[in-house]
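In the text below, chain A, chain B and the rest are named by the order of the sequence lines, each starting its count at 1.
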Protein chains: 2
Amino acid sequence: MLAENGYSATSLAAIADRLGVSKGVISYHFAGKAEVLNEVVRSVLSEAEAWMSPRVAGAASFTEALRLYIASNLAFLDTHRTEIFALTEVLSNARATPGVAETFSESHQAAIAALEALFTGGRKAGEFGDVAPRASAISLRAAIDAVSGLIREDPAFDLTGFGTDLATLYERASAR
Amino acid sequence: MLAENGYSATSLAAIADRLGVSKGVISYHFAGKAEVLNEVVRSVLSEAEAWMSPRVAGAASFTEALRLYIASNLAFLDTHRTEIFALTEVLSNARATPGVAETFSESHQAAIAALEALFTGGRKAGEFGDVAPRASAISLRAAIDAVSGLIREDPAFDLTGFGTDLATLYERASAR
DNA sequence: CTACTCTTTGGCCATGCGGTCAGAATCCAA
DNA sequence: TTGGATTCTGACCGCATGGCCAAAGAGTAG
């Protein structure tokens with residue numbers, strides 16, 4: 001519902017209606033609307049984590065890890081569009097939903113830290129040049145995060161092509 | 001009000017109250033709330049345009065243009081935080097406000113197209129290597145757009161440092 | 001001073017929201 | 001079969017929203 005009709009159209013009444021159930025059921029099982037939305041965020045984030053972890057783990061070098069990270073993240077976005085749209089819809093209105101901002105921020109910080117570690121690791125191993133790890137991590141994550149908006153506007157957007165271009169871009173930027 | 005208290009707290013009643021004026025005044029001067037919010041978007045976008053244009057125009061090379069583009073854009077974000085926060089607040093809820101999505105999308109497409117032209121120009125002039133113009137344009141804009149969120153979370157975020165790092169990153173990526 | 005237009009007021013409306021609750025229905029173990 | 005616990009219903013509450021409008025007020029040209 002979030003993905004299809006947006007945040008403001010996703011009222012408790014609308015949710016209950018869609019479930020073919022009375023509104024009170026939601027109140028019975030959840031403390032409130034905020035808890036429902038937080039659960040949406042939590043579940044999508046954990047899905048993403050479960051998808052990416054094993055795919056990046058198999059990298060034999062930092063360069064390969066970078067490629068795998070980008071490719072697997074974009075693949076997740078591609079194959080989980082509804083979830084991603086729902087997530088962004090909730091995040092857009094995070095101010096109206098206590099807890100959501102904190103949950104996501106934590107996860108987002110962790111993602112940036114992981115990428116930063118990848119860049120510093122590559123530098124220490126002599127695989128990368130003197131790239132700025134934090135700025136690279138931030139900007140790469142921003143580029144990936146922007147993709148959800150791109151595929152929303154143009155569902156046919158070439159994710160794979162963008163992924164390889166992005167990987168090449170950061171590979172060159174961090175080359176020795 | 002948008003920047004301080006967020007979209008959902010910015011009702012017509014709250015706006016009128018802040019102006020020390022009756023609610024009907026807004027209805028008298030605007031067709032509806034959507035028109036008010038569209039005006040916010042329109043005005044911030046045109047402010048940004050007015051700020052950036054002259055600053056980028058003076059570039060003597062594509063490399064310099066790239067640096068100036070990034071630096072001036074970040075300087076605008078830095079010095080117009082309230083406007084930027086207000087803008088993002090409206091954009092976050094674009095689905096609830098007809099017209100906003102279209103206005104912004106148009107401006108955003110134009111910005112990406114301009115950056116793409118910068119990269120292709122640099123290539124044709126032999127200044128840049130075989131960088132992917134579109135992917136570079138998209139990812140660079142994403143990196144810059146993400147800054148509004150960064151300074152919201154951490155007002156002391158080092159924008160200048162990030163700007164030079166970002167410029168260096170894209171310079172290296174597009175080097176011959 | 002008058003007469004007309006423009007602007008503002010303050011109360012009103014219908015609507016939809018999140019949330020509550022008494023009571024009905026259902027489930028399930030003893 | 002029974003009886004207590006769990007789950008669900010549908011009506012209801014208070015509240016805030018965007019919008020509307022008759023009437024009062026302010027401004028201004030002749």
Would you mind reporting whether [Y] and [X] have side-chain heavy atoms less than 4.5 Å apart?
{"X": "B/S8", "Y": "A/R95", "answer": "no"}
{"X": "A/F85", "Y": "A/E4", "answer": "no"}
{"X": "A/I84", "Y": "A/I151", "answer": "no"}

Atom-pair distance ([atom1] on [X]; [atom2] on [N]), nearest Å:
{"X": "B/L19", "N": "C/dT8", "atom1": "CG", "atom2": "P", "result": "11 Å"}
{"X": "A/D17", "N": "C/dC17", "atom1": "CG", "atom2": "P", "result": "10 Å"}
{"X": "A/I26", "N": "C/dC21", "atom1": "CD1", "atom2": "P", "result": "18 Å"}
{"X": "A/L37", "N": "C/dG18", "atom1": "CG", "atom2": "P", "result": "9 Å"}
{"X": "B/L12", "N": "C/dT9", "atom1": "CG", "atom2": "P", "result": "15 Å"}
{"X": "A/I15", "N": "C/dG19", "atom1": "CD1", "atom2": "C1'", "result": "13 Å"}
{"X": "B/F30", "N": "C/dT7", "atom1": "CZ", "atom2": "C1'", "result": "14 Å"}
{"X": "A/K33", "N": "C/dT20", "atom1": "NZ", "atom2": "P", "result": "15 Å"}

Using only modelled atom types and a 3.5 angstrom limit, is any donor from either the side chain of B/S22 or the base of C/dG10 paired with an acceptor on the other?
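Indeed, a donor on one side and an acceptor on the other fall under 3.5 Å apart.
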Does the base of C/dG19 carry an N or O that pairs as donor and acceptor with the side chain of A/K23 under 3.5 Å?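 Such a pair exists between side chain and base.
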Note to self: Let me spell it out: for each of A/S8 and A/G24, pick the nucleotide of DNA chain C with the closest heavy atom. Which residue's pick is nearer the 5' end?
What the structure shows: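 Nearer the 5' end of the strand: A/S8.
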> Does NZ or CZ of B/K33 come closer than 6.0 Å to the centre of the six-membered ring of B/Y7, within 45° of the ring's axis?
Replying inline: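 Judged by the rule, B/K33 and B/Y7 form a cation-pi pair.
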For A/E35, I'd like to know if atom CD has over 12 heavy atoms of other residues, nucleotides or ligands within 6.0 Å.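 Correct, the count exceeds 12.
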query: Given C/dC6, is OP1 or OP2 found less than 4.0 Å from the side-chain N or O atoms of B/H29?
result: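 For C/dC6, OP1/OP2 do not have a side-chain N/O of B/H29 under 4.0 Å.
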Notebook entry, point to check: Given C/dT7, is OP1 or OP2 found less than 4.0 Å from the side-chain N or O atoms of B/Y28?
Noted result: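 Yes, because at least one side-chain N or O of B/Y28 sits under 4.0 Å from OP1 or OP2 of C/dT7.
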| query | Among D/dT9, D/dT17, C/dT20, which nucleotide sits nearest the side chain of A/V25? | reply |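 Of the candidates, D/dT9 comes closest.
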Under 4.0 Å, heavy atoms only, any strand: does A/S11 hit a base, just the sugar-phosphate, or nothing?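 The answer is sugar-phosphate, as A/S11 gets under 4.0 Å only of primed atoms, P, OP1 or OP2.
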